[in-house]
A.B. asks: 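First, the structure itself, so that you have it in front of you.
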Amino acid sequence: MEIILKYFSDFSPVQLKQFEALKGLYEEWNEKINVISRKDIDSLYERHVLHSLSIAAVADFQPGTQILDLGTGGGFPGIPLAIFFPEVQFHLVDSIGKKIKVVQGVSEALGLKNVTTAHSRVEDIKNRKFDIVVSRAVAPLGDLWRWSKPVLKKSAVPGKQFEKGLICLKGGDLTQEIADSGIKPRLLNIYGIFPEESFKDKYIVLAKS
């Protein structure tokens, strides 16, 4: 938890309690359904929570913004972002039912009123549009963009450095993946935002039409 407070300080008492509760909740759920690797659970706040919050450092989502977390897994980046932005609406989807069960359990325990979940593939989302799609290391960039375009609204929303489109968290050498995607995203090195060793090869990838 200390590493979160190293970079963010303007939290309400409710938000602080919610962030503090994450470790116990994920440890409890991980005993039943393994959604976080055993070696990572001890580094939950750095490798998962702070990693997710790197998006909050570059995108100041306005109240009422509708965000889809595509392939949320155990709830990242969606759950930390939903705590950070309590007036923003998040819809977390994953094609694996047991992962969504964990997300639902964590969200309910935290009392997050701005989170909805679905056991679904993004291709099956019909008659609903979002301002932003977020995702973390789910699939190649080209696939993420292809899946995102049909569910993105046409109008832009205000943001600090970003408006409408896809924001994904990725690591490693992305040169070939970006070339294969056919799009020209903007890359931000997370190490430049949070200078922690584990973020040296991690990036925020911003793609918009």
Side-chain angles (χ1 to χ4, degrees), residues 1-8 11 15-57 67-86 88 90-112 114-122 133-141 143-144 147 166-172 174 190-191 193-205:
M1 182 64 190
E2 291 79 10
I3 199 164
I4 305 300
L5 298 177
K6 179 178 176 180
Y7 296 103
F8 298 101
F11 292 129
Q15 288 173 308
L16 282 172
K17 285 182 181 178
Q18 289 170 329
F19 278 123
E20 286 167 356
L22 285 176
K23 191 163 195 296
L25 286 169
Y26 276 105
E27 284 175 342
E28 183 181 336
W29 272 106
N30 227 42
E31 291 299 318
K32 307 171 196 172
I33 300 170
N34 188 22
V35 291
I36 297 173
S37 70
R38 304 292 180 188
K39 64 181 175 132
D40 270 5
I41 198 75
D42 289 335
S43 304
L44 177 80
Y45 284 108
E46 180 175 341
R47 293 179 180 272
H48 296 277
V49 182
L50 188 61
H51 189 210
S52 298
L53 291 179
S54 64
I55 292 174
I67 297 180
L68 172 68
D69 183 357
L70 189 166
T72 188
F76 302 100
I79 292 287
L81 289 174
I83 296 173
F84 194 97
F85 296 106
V88 171
F90 290 85
H91 187 52
L92 280 55
V93 302
D94 202 281
S95 61
I96 300 174
K98 65 180 182 179
K99 292 184 177 180
I100 284 297
K101 184 177 179 182
V102 174
V103 173
Q104 288 170 335
V106 170
S107 177
E108 288 168 9
L110 294 172
L112 293 175
N114 60 333
V115 169
T116 56
T117 62
H119 174 204
S120 172
R121 295 170 62 86
V122 65
V133 174
V134 297
S135 193
R136 186 170 83 141
V138 170
L141 180 60
D143 290 337
L144 290 174
W147 294 333
L166 168 68
I167 306 177
C168 54
L169 299 174
K170 286 187 164 289
L174 301 175
I190 297 176
Y191 186 75
I193 304 167
F194 307 138
E196 305 290 337
E197 199 68 24
S198 62
F199 296 138
K200 277 200 165 176
D201 65 342
K202 298 289 194 302
Y203 298 90
I204 303 168
V205 183

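Everything numeric here is computed off the predicted structure, so don't read it as measured data. Heavy-atom basis, side chains included; hydrogens, waters and symmetry copies ignored.
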A.B. asks: Which heavy atom in Ser120 sits nearest to a heavy atom in Val93, and how many Å separate them?
C.D. replies: O-CB, 4.1 Å
A.B. asks: Might you point out which heavy atoms bring Asn30 and Asn34 nearest each other, and give the distance in Å?
C.D. replies: ND2-OD1, 3.3 Å
A.B. asks: Supply the atom-to-atom distance Arg121 CZ to Ile96 CD1, rounded to the nearest 0.5 angstrom.
C.D. replies: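 The CD1 atom of Ile96 is 10.5 Å from CZ of Arg121, to the nearest 0.5 Å.
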A.B. asks: Give me the atom names and distance for the closest heavy-atom approach of Gly171 to Leu174.
C.D. replies: O-CD2, 3.6 Å
A.B. asks: Under a 3.5 Å distance rule, please check whether Tyr7 uses its side chain to pair with a backbone N or O of Ser54 as donor and acceptor.
C.D. replies: no
A.B. asks: Judged by atom type as modelled, is there a donor-acceptor pair below 3.5 Å linking the side chain of Ser52 to the main-chain atoms of His48?
C.D. replies: yes
A.B. asks: Under 6.0 Å between ring centres, would you say that holds for Phe84 and Phe8?
C.D. replies: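 Ring centres of Phe8 and Phe84 closer than 6.0 Å.
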A.B. asks: Before giving the answer on side chain to side chain contact (heavy atoms under 4.5 Å, CB included), spell out for Leu16 and Leu5 the whole-Å C-alpha distance, their side-chain angles and the decisive distance to 0.1 Å.
C.D. replies: CA-CA 9 Å; Leu16 282 172; Leu5 298 177; 3.8 Å; yes
A.B. asks: Taking C-beta and beyond as the side chain, do Leu112 and Phe90 meet within less than 4.5 Å on heavy atoms?
C.D. replies: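 SC-SC contact between Leu112 and Phe90 ruled out.
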A.B. asks: Kindly compute the distance separating CD1 (Ile193) from CD1 (Ile55), expressed to the nearest 0.5 Å.
C.D. replies: 10.0 Å
A.B. asks: Could you tell me which non-hydrogen atom of Leu141 sits nearest to which non-hydrogen atom of Cys168, and how far apart they are?
C.D. replies: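 For Leu141 and Cys168, the tightest heavy-atom pair comes out as CD1-SG, 3.9 Å.
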A.B. asks: Could you check whether any side-chain heavy atom of Ile36 comes within less than 4.5 Å of a side-chain heavy atom of Tyr26, counting everything from C-beta outward?
C.D. replies: yes
A.B. asks: Could I get the full list of side-chain hydrogen bond (donor to acceptor under 3.5 Å, both in side chains) partners for Lys6, not counting sequence neighbours?
C.D. replies: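 If we apply the side-chain hydrogen bond (donor to acceptor under 3.5 Å, both in side chains) test to Lys6, skipping adjacent residues, the hits are Glu196.
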A.B. asks: In the structure I gave you, are the side-chain heavy atoms of Leu22 and Gln18 within less than 4.5 Å of one another anywhere?
C.D. replies: no
A.B. asks: Going from OG on Ser135 to CD1 on Ile167, what distance comes out if it is rounded to the nearest 0.5 angstrom?
C.D. replies: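 The CD1 atom of Ile167 is 11.5 Å from OG of Ser135, to the nearest 0.5 Å.
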A.B. asks: List the atom of Ala57, the atom of Phe194, and the distance in Å for their closest heavy-atom pair.
C.D. replies: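 Taking Ala57 first and Phe194 second, the nearest heavy atoms are CB-CZ, 4.4 Å.
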A.B. asks: Tell me if the aromatic rings of Tyr191 and Phe199 count as close, with their centers under 6.0 Å from one another.
C.D. replies: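 Here the rings of Phe199 and Tyr191 have centres that are no less than 6.0 Å from each other.
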A.B. asks: NZ of Lys32 to NZ of Lys101: how many Å apart, nearest 0.5 Å?
C.D. replies: 7.5 Å
A.B. asks: Quick check for you: to the nearest 0.5 Å, what is the distance between Met1 atom CE and Glu46 atom CD?
C.D. replies: 14.5 Å
A.B. asks: So which atom in Gly105 and which in Trp29 form the shortest heavy-atom distance, rounded to 0.1 Å?
C.D. replies: CA-CZ2, 3.7 Å
A.B. asks: With heavy-atom distances below 4.5 Å as the criterion, would you say the side chains of Leu169 and Ile190 are in contact?
C.D. replies: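 In short, these two side chains touch, coming nearer than 4.5 Å.
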A.B. asks: Are Val103 and Asp94 packed together at the side-chain level, in the sense that at least one heavy-atom pair is separated by less than 4.5 angstrom?
C.D. replies: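 Counting from C-beta outward, Val103 and Asp94 never come under 4.5 Å.
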A.B. asks: Please step through side chain to side chain contact (heavy atoms under 4.5 Å, CB included) for the pair Glu27 and Ile41, ending with a clear verdict.
C.D. replies: CA-CA 7 Å; Glu27 284 175 342; Ile41 198 75; 3.9 Å; yes
A.B. asks: Could I get the full list of salt bridge (charged side-chain N to carboxylate O under 4.0 Å, His left out) partners for Asp40, not counting sequence neighbours?
C.D. replies: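 Expected list: Arg47.
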A.B. asks: May I have the step-by-step check of side chain to side chain contact (heavy atoms under 4.5 Å, CB included) for Lys23 and Asp42, ending in yes or no?
C.D. replies: CA-CA 8 Å; Lys23 191 163 195 296; Asp42 289 335; 4.2 Å; yes
A.B. asks: Pair Asn114, Phe85 - check side chain to side chain contact (heavy atoms under 4.5 Å, CB included), show working.
C.D. replies: CA-CA 9 Å; Asn114 60 333; Phe85 296 106; 5.5 Å; no
A.B. asks: Side chains of residues 68-81: which donor-acceptor partners sit under 3.5 Å, not counting sequence neighbours?
C.D. replies:
unit_1 : atom_1 : unit_2 : atom_2 : d
Asp69  : OD2    : Thr72  : OG1    : 2.7
Asp69  : OD2    : Gly78  : N      : 2.9

A.B. asks: Within a strict 4.5 Å, meaning less than it, do heavy atoms of the Phe19 and Leu53 side chains meet?
C.D. replies: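 Result yes, sub-4.5 Å side-chain heavy-atom pair found.
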A.B. asks: Report yes if the side chains of His51 and Val49 come closer than 4.5 Å at any heavy-atom pair, otherwise no.
C.D. replies: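 No, too far: nothing below the 4.5 Å cut-off.
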A.B. asks: Roughly how far apart are Phe11 CZ and Glu20 CD, rounded to 0.5 Å?
C.D. replies: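 Here the rounded value is 10.5 Å.
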